[in-house]
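Below you'll find the structure, written out as structure tokens, and then a few comments.
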Amino acid sequence: MSNVLSNEKRGMRELGAEKKVGWDEVTHGVVLHSFEDDATDVAMRKAEDRNYSEFNSYTATVASWRVVKPVYNRDICIDCQNCWVWCPDSSIISRDKQILGIDYDHCKGCGVCVEVCPTNPKSLLMFGEAISSDDAIAQWPVKEKKEK
Ligand code: SF4
Ligand code: SF4
């Protein structure tokens with residue numbers, strides 16, 4: 001039997017959500033807390049240190065939606081943070097102004113990060129979902145020379 005889920009079920013298995021109420025079935029007026037405990041200082045905590053509730057999108061993965069993914073090349077990156085600023089899904093992981101890589105649980109493969117990367121060659125490039133990072137980096141283009 002195929003492991004590929006039909007369109008309307010994609011993402012449900014990752015959520016473990018088959019038996020849960022859908023977003024359009026929730027009782028009007030119900031409150032869905034994003035965090036399990038007091039969230040007063042949550043903005044000051046790193047994502048991995050926050051106690052997310054099962055209703056927070058952080059606990060879900062959209063990895064099965066993606067057919068292409070960005071691969072990050074540390075050797076070329078200048079830590080300008082452009083990709084971190086522009087990623088619409090907060091899927092670039094940056095700590096102390098240094099890029100650590102991609103959050104592949106939440107990246108949707110839109111390619112915005114690649115578009116805004118200023119280095120030559122780019123430090124992020126899109127590859128097919130199945131390729132390993134090592135194989136992708138082995139195929140990285142060389143620096144383009146300016147035409148005189
Ligand atoms: S491909 Fe899109 S979602 Fe993924 S890291 Fe880049 S900008 Fe973010
Ligand atoms: S935009 Fe490119 S150079 Fe800038 S931090 Fe991101 S990967 Fe590095």
Side-chain angles (χ1 to χ4, degrees), residues 1-18 20 22-24 26 32-148:
M1 199 172 95
S2 168
N3 283 329
V4 178
L5 297 176
S6 60
N7 280 343
E8 68 271 22
K9 287 285 185 189
R10 291 191 91 185
M12 295 295 273
R13 185 170 52 192
E14 289 79 3
L15 283 164
E18 287 91 341
K20 290 182 185 170
W23 64 269
D24 53 349
V26 174
L32 302 178
H33 292 283
S34 291
F35 302 96
E36 293 293 352
D37 51 11
D38 182 3
T40 308
D41 68 340
V42 78
M44 307 306 291
R45 284 184 251 159
K46 291 176 177 166
E48 58 270 26
D49 296 332
R50 297 172 186 160
N51 194 7
Y52 291 102
S53 83
E54 62 177 320
F55 301 112
N56 194 300
S57 61
Y58 190 82
T59 59
T61 175
V62 294
S64 65
W65 299 358
R66 209 174 43 232
V67 291
V68 288
K69 64 180 179 183
V71 174
Y72 172 61
N73 191 330
R74 172 79 245 158
D75 291 343
I76 307 166
C77 175
I78 57 173
D79 288 312
C80 71
Q81 311 295 303
N82 257 7
C83 54
W84 179 78
V85 168
W86 284 94
C87 172
D89 290 302
S90 304
S91 298
I92 301 286
I93 305 168
S94 178
R95 291 285 177 273
D96 303 320
K97 297 182 183 165
Q98 185 174 3
I99 303 298
L100 300 184
I102 317 288
D103 171 359
Y104 284 123
D105 279 345
H106 298 100
C107 165
K108 297 183 183 65
C110 67
V112 167
C113 54
V114 172
E115 287 297 316
V116 299
C117 180
T119 59
N120 176 11
K122 286 180 182 285
S123 312
L124 287 157
L125 286 173
M126 300 304 285
F127 288 88
E129 185 63 28
I131 196 170
S132 72
S133 292
D134 285 346
D135 287 347
I137 285 174
Q139 300 173 21
W140 218 264
V142 293
K143 182 172 181 169
E144 285 175 27
K145 294 214 167 81
K146 283 184 186 163
E147 286 183 26
K148 291 184 181 171

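The structure displayed is predicted, hence computed values, not measured ones. For the single chain, residues carry numbers from 1 onward in sequence order.
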Are [X] and [Y] packed together at the side-chain level, in the sense that at least one heavy-atom pair is separated by less than 4.5 angstrom?
| X | Y | answer |
| --- | --- | --- |
| Tyr58 | Arg50 | no |
| Gln98 | Gln81 | no |
| Pro121 | Lys143 | yes |
| Ile78 | Thr119 | yes |
| Ile93 | Asp103 | yes |
| Val112 | Glu115 | no |
| Tyr72 | Leu124 | yes |

Could you tell me whether Glu129 and Arg66 have a side-chain N and a carboxylate O separated by less than 4.0 Å?
yes

Atom pair [atom1] ([X]) and [atom2] ([Y]), whose distance is rounded to the nearest 0.5 Å:
| X | Y | atom1 | atom2 | answer |
| --- | --- | --- | --- | --- |
| Ser57 | Asp105 | OG | CG | 11.5 Å |
| Asp75 | Ile137 | CG | CD1 | 7.0 Å |
| Ile102 | Cys113 | CD1 | SG | 5.5 Å |
| His33 | Ser53 | NE2 | OG | 8.5 Å |

Distance-only side-chain donor-acceptor flag, Thr40 / Asp38, under 3.5 Å:
yes

Might you point out which heavy atoms bring [X] and [Y] nearest each other, and give the distance in Å?
| X | Y | answer |
| --- | --- | --- |
| Cys107 | Ser91 | N-OG, 3.2 Å |
| Lys69 | Ile131 | NZ-O, 2.5 Å |
| Lys108 | Val62 | CG-CG2, 3.8 Å |
| Trp84 | Ile92 | CD1-O, 3.2 Å |
| Val114 | Lys122 | O-NZ, 2.9 Å |

Ring pair (Phe, Tyr, Trp, His ring centres under 6.0 Å) involving Trp140 - partner list, sequence neighbours excluded:
Phe127

Using modelled atom types only, decide if a donor and an acceptor are shared between the side chain of Asp79 and the backbone of Ile99 within a distance under 3.5 Å.
yes

Would a distance-only check, ignoring hydrogens and angles, find a side-chain to backbone donor-acceptor pair under 3.5 Å from Asn73 to Ser123?
no

